[in-house]
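Heads up: the structure comes next, in structure tokens.
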Amino acid sequence: MEKKKELYRGKAKSVYETDDPNRYIMYFRDDTSAFDGQKIEQLERKGKTNNRFNFFIMKKLEEAGIPVHVEELLNDRECVVKKLQMVPVECVVRNVSAGSICRRLGVAEGLDLNPPTFEFFLKNDELHDPMVNDSHIISFGWGTQEQIDEMRAMSLKINAVLKDLFDKAGLILVDYKLEFGLYEGKLILGDEFSPDGCRLWDKETRKKLDKDRFRQGLGGVIEAYEEVARRIGCPLD
Ligand code: TMP
Ligand code: ASP
């Protein structure tokens with residue numbers, strides 16, 4: 001497959017066109033961003049770690065019957081993905097309270113949420129990803145009721161698979177963000193799943209092993225990502 005021009009440069013990844021009109025190459029840079037791009041640093045090994053982590057998780061989800069855009073791992077930083085038409089919302093599932101839900105609702109960090117919460121956020125850094133509901137999504141034409149129902153159902157099915165996978169590795173899947181897109185009219189999981197877009201705590205010590213280490217300046221960011229990868233059996237080389 002021939003890599004062509006850079007089509008889109010996000011905060012941590014770039015997307016390249018290829019000679020196949022239905023495929024892109026997704027390139028994981030070392031850039032690490034938080035607070036809607038206000039804090040950006042290069043962290044050594046980050047691109048490689050997240051590319052391999054994402055490939056490992058996406059294949060586990062595919063095995064569990066979730067349609068995913070990732071097809072092939074090309075090298076340390078790149079994978080081949082299906083070209084999706086993205087739905088411009090982010091789907092967030094929470095098993096334990098942390099982050100923005102604590103600020104918004106004035107609740108303590110670390111409360112078990114049973115059943116898990118499900119929220120939509122508009123993908124818009126300038127507006128700091130405001131929360132939106134089903135009615136906004138339909139009225140503004142970002143998605144249909146059917147797509148909303150499917151994104152919610154898939155996000156919760158993914159929760160069952162990943163909560164169990166991380167639990168077996170001694171980790172709590174606190175929360176995570178997913179993005180979906182359309183391929184030949186079908187909803188498919190897009191973007192990435194890595195410690196950049198989820199919260200993972202050690203079950204015993206509750207040590208944070210995700211991007212909160214970067215957001216909160218706790219250090220050892222990539223070392224934590226590598227530890228999670230090692231614990232779930234994800235190869236990094
Ligand atoms: P939040 O606590 O900031 O709402 O985020 C919940 C989870 O979703 C957390 O693991 C981070 C992830 N997330 C992103 O990675 N990017 C985003 O733009 C949003 C809104 C959430
Ligand atoms: N949308 C946010 C950002 O990447 C999420 C985060 O703070 O990680 O800037």
Side-chain angles (χ1 to χ4, degrees), residues 8-13 26 28-29 31-41 43 46-47 49-51 53-54 57-58 61 86-113 115-133 136-137 142-143 151-152 154-156 158-159 161-163 165-167 171-181 189-202 206-218 221-222 224-225 228-229 232:
Y8 171 79
R9 190 178 169 87
K11 285 173 288 182
K13 301 189 294 295
M26 196 160 78
F28 287 74
R29 305 195 311 271
D31 294 334
T32 313
S33 118
F35 311 118
D36 304 314
Q38 284 177 47
K39 175 172 175 170
I40 299 182
E41 281 173 31
L43 298 181
K46 156 112 170 344
T49 307
N50 278 6
N51 184 31
F53 197 102
N54 175 57
I57 295 287
M58 289 275 175
L61 292 175
M86 296 306 290
V87 180
V89 298
E90 306 187 332
C91 301
V92 171
V93 176
R94 301 176 197 267
N95 294 304
V96 177
S97 62
S100 75
I101 203 170
C102 298
R103 293 193 294 275
R104 276 184 284 121
L105 305 184
V107 297
E109 184 179 270
L111 306 177
D112 284 334
L113 303 173
T117 62
F118 178 84
E119 301 161 328
F120 286 118
F121 294 90
L122 179 65
K123 201 172 159 62
N124 186 323
D125 278 344
E126 278 155 44
L127 300 178
H128 306 293
D129 295 344
M131 190 192 239
V132 291
N133 63 26
H136 298 130
I137 295 174
W142 298 321
M151 287 193 285
R152 186 180 277 112
M154 270 205 252
S155 298
L156 294 172
I158 289 168
N159 195 40
V161 177
L162 296 186
K163 231 176 96 164
L165 183 147
F166 288 115
D167 181 71
L171 298 161
I172 303 169
L173 178 59
V174 172
D175 59 27
Y176 56 89
K177 182 264 296 181
L178 304 171
E179 294 180 32
F180 294 90
L189 179 63
D191 192 49
E192 70 177 280
F193 190 102
S194 75
D196 265 6
C198 69
R199 290 192 171 93
L200 291 161
W201 296 349
D202 179 86
R206 298 218 149 193
K207 181 178 171 188
K208 295 178 166 137
L209 297 168
D210 54 64
K211 201 161 85 176
D212 270 348
R213 300 202 70 79
F214 177 70
R215 293 189 189 95
Q216 299 173 10
L218 300 174
V221 181
I222 299 310
Y225 289 21
V228 173
I232 62 172

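Start at 1 and go down the list; that is how both ligands and their atoms are numbered.
Partner of Ile172 under the side chain to side chain contact (heavy atoms under 4.5 Å, CB included) criterion, chosen from Val96, Asp202, Leu209, Asp112: Val96.
Ion pairing between Lys13 and Asp31 fails under the 4.0 Å rule for side-chain N and carboxylate O. Taking the charged nitrogens against the carboxylate oxygens, Glu109 and Lys208 do have a contact shorter than 4.0 Å, which makes a salt bridge.
The Cys198 neighbourhood of ligand 1 comprises atoms 10 (O), with distances under 4.0 Å to a heavy atom of that residue. Near Gly99, meaning under 4.0 Å from any of its heavy atoms, are these atoms of ligand 1: 2 (O). Heavy-atom proximity to Asp129, at under 4.0 Å, picks out these atoms of ligand 1: 17 (C), 18 (O), 20 (C). Per-residue contacts place Val92 under 4.0 angstrom from the following atoms of ligand 1 (heavy atoms of the residue considered): 6 (C), 8 (O). Ligand 1 places these atoms under 4.0 Å from at least one heavy atom of Asp175: 6 (C), 7 (C), 9 (C), 10 (O). Here is the list of ligand 1 atoms found below 4.0 Å of a heavy atom in Ala98: 2 (O). Of all atoms in ligand 1, numbered sequentially from 1 with element shown, those under 4.0 Å from a heavy atom of Asp196 are 15 (O).
Below 3.5 Å of separation, one finds an N or O of Ser100 facing an N or O of ligand 1. Residue Arg103 has no nitrogen or oxygen atom sitting less than 3.5 Å from a nitrogen or oxygen atom of ligand 1, judged on distance alone. In terms of N/O distances under 3.5 Å, ligand 1 is not approached by Arg104.
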Run the numbers on Arg104 and Glu119 for salt bridge (charged side-chain N to carboxylate O under 4.0 Å, His left out), then give the verdict.
CA-CA 13 Å; Arg104 276 184 284 121; Glu119 301 161 328; 3.2 Å; yes
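Although no hydrogens or angles enter the test, the distance criterion places no donor-acceptor pair under 3.5 Å between the side chain of Asp125 and the main chain of His128.
The six-membered or imidazole ring of Tyr225 lies away from that of Phe53, with a centre-to-centre distance of 6.0 Å or more.
Among Lys211, Arg215, Lys177, the residue whose heavy atom sits closest to atom 11 (C) of ligand 1 is Arg215. Of the listed options Lys11, Glu90, Glu192, Glu90 places a heavy atom closest to atom 17 (C) of ligand 1.
Side-chain contact between Asp175 and Val93 is absent, with no heavy atoms from C-beta onward closer than 4.5 Å. Side-chain contact between Arg94 and Ile101 is present, with heavy atoms from C-beta onward closer than 4.5 Å. Side-chain contact between Val89 and Phe121 is absent, with no heavy-atom pair separated by less than 4.5 Å.
Residue contacts with ligand 1: Asp210 is excluded, as none of its non-hydrogen atoms falls under 4.0 Å. Residue contact check for ligand 1: Glu119 places no non-hydrogen atom closer than 4.0 Å to it.
Under 4.0 Å from ligand 1, the heavy atoms of Arg94 that appear belong solely to its side chain.
By the 6.0 Å and 45° rule, Lys39 stacks over the aromatic ring of Phe214.
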